[in-house]
Amino acid sequence: MLARKIFGLLLLSASLFASIAHAQGSSFKIGIAPHTSARVILEMYQPLRLHLERTLGQPVDIQTAPDFTEFGRRALNQEYDLAITTGHQARLFQTDAGYLPLLTYKAEFKAVALVTKDSKYRKPGDLNGATVLALSPSSLVSMWGVRWLKSNNIKELTVRYVSAADSVSRQVLAGDAALAFTSLANFQKLPAEQQDALRIVAESEAMAGRIYLLNKRQSSQQARIDAALWSFAGSEEGRKYLEQNKLEGYRKLRPKELEAMEPYAAETRQILKGK
Amino acid sequence: MMHFLPLRTVRGKLLLLAIAVEALMLTLLVANSLRLLTDNMGTQARIHAEQIAPVLIAAIVAPLAQRDYATVQAVLDESSAVDGIDYLAVTDISGKRLASSGWPADQELPLPDKEFHLFDNEKASPRYDVMIPVDAYGQKLAILHFGLSLKQIIQAHGQLFKQGVGIALLEIILSAGLMALLGYFLTRHLSALTVASRAVAAGNLTPPPVPEGDDEVGHLGATFNAMSRAIAERIRELTEARDEEKRLAQAAEAGAREKTAFLATVSHEIRTPMNGILGMTDLALSTELTAEQREYLTWVKLSGESLMRVLNDILDFSKIDAGQLSLEKVPLNLPAMLDSMVGIYSAQASEKGLTLSWQAAPDLPAQIVSDPVRLRQILSNLVANALKFTEHGSVSIRVSAEPLATVDALKLHFSVVDTGIGIPSDKLEMIFAPFSQAESSTTRKYGGTGLGLAIVSRLVKLLGGEINVVSQPGQGSTFSFSINCRMSETPHARASAPASTPVPDNSLAGKKILLVEDTPVNQILGRKLLAKFGCEVTLAEDGLQALAACATADFDLALMDMQMPNMDGLEATRQLRARERESGRPRLPIIALTANAMSADRDNCLAAGMDDFIAKPFRADSMLEVIRRHCLPENPA
């Protein structure tokens with residue numbers, strides 16, 4: 001019994017030593033998919049960064065990318081220790097780069113198509129010849145939107161991709177485009193007057209939202225990191241973060257939940273290969 | 001020349017002071033402006049850096065979060081084009097350069113400046129290096145480096161310095177000109193005052209008026225002009241007063257001369273008949289007379305002598321009062337003179353049953369240099385007075401000497417002490433005043449003019465001393481006086497021998513005497529006296545006859561009256577001397593016989609070539625003594 005305790009302490013010490021040694025080496029990099037502007041991402045994820053710095057005892061950096069495609073390329077290039085991205089990229093990272101899925105949010109992730117409230121849009125055919133805004137081609141929202149347009153046989157239109165995800169709704173309101181695709185969560189984060197000025201004309205089915213994936217080289221730290229994430233969700237800062245972003249909390253992934261995103265993942269893979 | 005030295009003038013000093021103050025203030029102003037500029041530019045540079053940094057950071061936060069370094073590079077390239085930025089660079093936290101613009105890639109970025117220094121000699125180009133961490137919501141994304149160029153600030157600094165110095169120099173030049181102009185306007189009146197004052201100092205007491213005005217300098221000019229006028233007026237008054245005083249002095253001098261001439265004339269006119277009276281009386285007394293006749297003639301002689309004393313007193317007093325009494329300084333045997341004094345008055349003392357003596361201190365020098373005639377006159381007056389007012393007891397003369405600071409100078413103290421009637425104390429002060437005696441009854445009882453002590457007092461003063469008297473009525477008086485004199489280096493023959501009664505002798509027998517005299521009574525008197533001495537007398541009544549007599553006969557001596565008709569004695573003497581020089585004849589002794597009692601007369605006689613001087617009225621023994629001295633030079637009396 002005593003020998004087991006001593007062995008446990010030795011393991012703990014070794015684990016702490018390894019942790020400290022790792023901390024002295026470099027920072028823990030968290031890559032956030034550019035689902036909104038880089039500034040918003042930095043602001044939004046600061047509570048998590050600070051919590052992980054305290055919990056892991058090492059510097060933590062939040063990073064993002066100019067667009068989803070570049071983000072996917074970097075993740076596949078093993079540049080992130082922890083990646084937080086949409087389901088289709090999560091599936092791609094899991095299959096093609098060995099990332100270990102950890103958890104996701106309780107809130108459902110849906111994509112929406114927005115027009116102005118006084119838009120002449122009544123049916124998808126009204127969009128023929130119009131300009132549509134979407135995020136990068138490899139984003140889940142964009143992919144869903146393109147599929148939704150195809151499914152409604154709308155072919156003669158211009159799809160313009162913008163990196164500033166939180167700007168698409170503004171551009172629609174400004175008249176720069178007739179319709180824009182964004183996430184339901186982003187729409188809900190808009191100010192009330194903007195929300196009132198917009199109208200959702202299509203909404204996707206619930207999809208796997210932002211998935212937390214651990215790089216395979218951090219697999220030995222999976223338990224600590226997993227515990228740290230769960231402890232964040234239980235902390236005051238974490239609850240506030242989840243509440244402000246209407247994410248409702250963390251949950252484990254459901255069986256086959258990522259596999260369902262395989263079609264989008266395949267399409268993404270093709271996009272990345274095309275770059 | 002002093003006003004040409006700028007530093008010595010008030011204007012110059014004020015100008016220099018003003019320039020110095022202005023230069024100091026302008027230096028402070030320029031230096032302070034440069035300091036303020038430097039501080040302000042430094043502040044501006046820091047503010048500029050503080051303003052640039054957030055903009056740059058805002059621009060690069062998103063690309064940095066996205067690790068979009070190309071965008072960061074584009075932002076830096078775009079921003080470095082802004083004027084005033086030397087370089088821009090972004091490194092990660094470890095220092096690895098992520099993007100840079102305007103700085104060589106192979107060169108390490110400069111360290112940031114801890115403080116702002118406008119002039120940093122260590123840098124090739126003036127620059128302010130800044131390093132700011134790029135944080136976003138607490139996350140350190142990178143480090144922003146940039147360098148602000150300070151060239152413009154330094155150029156502005158240099159321009160401000162040049163312009164400041166230029167403006168300061170121009171200001172000083174303009175101020176100096178203005179101050180010089182102001183100084184000229186302010187001090188030109190002072191300069192005029194200086195010129196006028198210098199003219200006054202040089203003797204021009206009435207220089208041209210200086211400008212006047214309503215200001216302080218103008219008031220000063222007005223005051224100076226008033227002072228100048230007052231001085232001129234005062235000088236005029238003083239000049240007039242001096243001229244008046246000079247005129248009065250000349251008038252007084254003329255009056256004195258007239259008085260002296262009058263006195264000389266009176267003296268001559270009185271002495272001439274007195275000579276005859278006394279001489280004839282002496283001759284008459286030397287003849288066979290009855291007792292009664294002798295008594296009468298003796299009274300005539302005494303009265304004549306009294307009259308002569310009065311006359312001599314008046315003449316002496318007048319001469320002293322007119323300042324015409326000159327003193328001699330000749331060697332004098334003091335004991336001999338005192339012996340003589342006692343000898344002269346011993347008979348008078350004996351008649352009154354008085355003791356007359358003199359005592360001297362042991363250290364009294366025998367030989368001194370003084371005026372024996374005047375000293376004798378002083379002592380004679382005092383001794384005669386003492387004998388006059390003393391009925392019982394004694395009269396004594398006491399002498400002591402006090403050395404003075406100079407080696408051979410002496411102060412002689414004389415006292416004439418008597419046991420006479422004395423002088424009341426309330427009369428002592430007036431006793432030396434002329435024409436006064438102690439009591440009005442004194443004149444009635446003892447006679448005298450009252451001039452004796454006044455003459456004594458003045459003679460003592462002339463001899464450098466003073467006289468005083470101590471007296472107790474009924475117990476006697478002591479007259480003390482002192483005189484300044486010198487010790488004689490060589491012994492001198494006794495100057496004053498006691499008077500002796502003329503004793504007829506025949507030492508002059510056969511001597512041929514030329515008597516030149518115009519007054520008949522004196523002709524008779526002279527011939528009688530000389531005949532008594534055995535002389536052969538030839539008479540000449542004026543100078544011309546004297547010259548004629550000398551031309552035809554040889555004489556042993558000539559007695560020459562001075563005032564004669566046709567040719568006076570002086571002219572006759574001069575011509576006789578001239579003839580002697582021309583012919584080489586031996587020098588004829590010529591003795592003046594004159595009633596002119598003034599010392600100038602004696603000098604005139606000697607100047608004309610005479611050998612001695614006999615004043616009228618003369619005593620027979622005096623005449624004999626002088627004649628013997630010159631006729632028998634090898635056996636002087």
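Quick note on labels: first sequence line is chain A, next is B, and so on, each numbered from 1.
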Here the pair of heavy atoms bringing Arg49(A) nearest to Tyr137(B) is NH2-O, 4.1 Å

Note to self: Please determine whether the number of non-hydrogen atoms from other residues, nucleotides or ligands lying under 6.0 Å from atom CD of Glu78(B) exceeds 12.
What the structure shows: no

In this structure, CG of Leu42(A) is separated from CD of Gln66(B) (nearest 0.5 Å) by 9.0 Å

### Message
How about CD on Gln107(B), more than 12 heavy atoms from neighbouring residues, nucleotides or ligands closer than 6.0 Å, or not?
### Response
yes

For Glu248(A), look at atom CD and say whether over 12 heavy atoms of other residues, nucleotides or ligands are found less than 6.0 Å away.
yes

Query raised in the report: Do other residues, nucleotides or ligands put more than 12 heavy atoms under 6.0 Å from Asp214(B) CG?
Result: no

Requested in this report: May I ask you to check whether over 12 heavy atoms, not counting those of Tyr250(A), lie within 6.0 Å of atom OH?
Outcome: yes

Applying a strict 4.5 Å limit to non-hydrogen atoms, the region of Gln46(A) in contact with chain B is side chain

Scanning both residues in full, the closest heavy-atom pair of Ala65(B) with Ala38(A) reads CB-CB, 4.1 Å

Taken to the nearest 0.5 Å, the spacing of Asp68(B) CG from Gln63(A) CD works out to 12.5 Å

Cut-off 4.5 Å, heavy atoms of chain A, and the answer for Ile93(B) is neither

The reported gap from CD in Gln139(B) to OG in Ser27(A) (rounded to nearest 0.5 angstrom) is 8.5 Å

So, the part of Arg39(A) with a heavy atom under 4.5 Å from chain B: the answer is both

Nearest heavy-atom contact between Arg74(A) and Arg67(B) is NH2-O, 3.1 Å

